Amino acid sequence: MRKIVIAGNWKMFKTQAESQEFLQGFLPYLEETPQEREILLCPPFTNLNILSKSLHGSRVQLGAQNVHWEENGAYTGEISSPMLTEIGVRYVIVGHSERRQYFGETNLSVNLRLKAAQKHGLTPILCVGETKQQRDEGETESLIISQLNQGLVNVDQDNLVIAYEPIWAIGTGDTCEATEANRVIGLIRSQLSNPNVSIQYGGSVKPNNIDEIMAQPEIDGALVGGASLEPESFARIVNYN
Ligand code: PGA
């Protein structure tokens, strides 16, 4: 059975106080959310501990936005899996395009992070997706297949979520057509050994397009940036029709 997973990626937004304020507005809306939907928030590292305490007993799971492959060591600025699991983090985003674009993340380092996360019981969310130029040059399929082939070496597909995030759709308001996202996600699924991996769509998911996105048969959820920062808008997304 493919699970529906809706994740809010807060990127580098919200202080601890702001994240607490968000929860006060957001949690009451979850009374309407069907039980089978997995809802998660991926705040900056500094908010994970306080959110873990505030979310104790709620159905919202916590995700981090990155993880290092070693358990500890001289890696200034990095965070390891045991540091995350100790405070109740269950998921981690790996290989987001902003990490690839601005921080030198490669398919090789993505692969190391995925395996380390799984080894410690975290469920990684592997992000893949093409740039506008790659799309225009007809390279979408080959690029995504190589991201999967290199990223998923020795990765356990029983404990994995994938997010298809076309880079040209991230933060631009230029959402990928739902049917096109469905097509690419079908292609991603065809490359996997486990057909039950949940595959999300991400890139300008908003309250006004979530219903259409989730109506697509291949799409199992959403990775939501900007629209996850406001309680009402993220609530409308998790409570899609
Ligand atoms: P966006 O970001 O919803 O603001 O486009 C999505 C993401 O980067 O995960």
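Start at 1 and go down the list; that is how both ligands and their atoms are numbered. Because the structure is a prediction, the values reported are computed rather than measured.
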Trainee: Is it true that the side chains of E71 and S80 contain a donor and an acceptor less than 3.5 Å apart?
Mentor: no
Trainee: Quick check on R90: does its CZ atom have over 12 non-hydrogen neighbours (other residues, nucleotides or ligands) under 6.0 Å away?
Mentor: no
Trainee: Any heavy atom of G171 sitting closer than 4.0 Å to ligand 1?
Mentor: yes
Trainee: Which heavy atom of the protein is the closest neighbour of atom 7 (C) of ligand 1, given with residue, atom name and distance?
Mentor: E165 OE2, 3.2 Å
Trainee: Evaluate S204 for polar contact with ligand 1, using N/O atom pairs at a separation under 3.5 Å.
Mentor: yes
Trainee: Given the ring of Y29, does R236 sit roughly above its face, with NZ or CZ under 6.0 Å from the centre of the six-membered ring and within 45° of the axis?
Mentor: no
Trainee: Quick check on G203 - does any of its heavy atoms sit under 4.0 Å from an atom of ligand 1?
Mentor: yes
Trainee: Please determine whether the number of non-hydrogen atoms from other residues, nucleotides or ligands lying under 6.0 Å from atom CD of E31 exceeds 12.
Mentor: no
Trainee: Between Y201 and E218, do the side chains contain a donor N or O and an acceptor N or O under 3.5 Å apart?
Mentor: no
Trainee: Identify the protein heavy atom lying closest to atom 4 (O) of ligand 1, giving its residue, its atom name and the separation to 0.1 Å.
Mentor: G226 N, 2.9 Å
Trainee: Can you confirm whether F45 is buried at CZ, in the sense that more than 12 heavy atoms of other residues, nucleotides or ligands lie under 6.0 Å from that atom?
Mentor: yes
Trainee: Could you tell me which atoms of ligand 1, counted from 1 in the order shown, lie closer than 4.0 angstrom to a heavy atom of N9?
Mentor: 9 (O)
Trainee: Does atom CD (Q191) have a neighbourhood of more than 12 heavy atoms from anything else shown, all under 6.0 Å?
Mentor: yes
Trainee: Looking at E141 and R183, does any basic side-chain N land under 4.0 Å from a carboxylate oxygen?
Mentor: yes
Trainee: Considering both backbone and side-chain atoms of K206, is one of its nitrogen or oxygen atoms within less than 3.5 Å of a nitrogen or oxygen in ligand 1?
Mentor: no
Trainee: At a 4.0 Å threshold, what atoms of ligand 1 neighbour a non-hydrogen atom of K11?
Mentor: 2 (O), 7 (C), 8 (O)
Trainee: Provide, to 0.1 Å, the distance between atom 6 (C) of ligand 1 and the closest protein heavy atom, together with that atom's residue and name.
Mentor: G225 N, 3.5 Å
Trainee: Please confirm whether H96 comes under 4.0 Å of ligand 1, counting heavy atoms of the residue only.
Mentor: yes
Trainee: Just heavy atoms, cut-off under 4.0 Å: does I170 contact ligand 1 by side chain, backbone, both, or neither?
Mentor: both
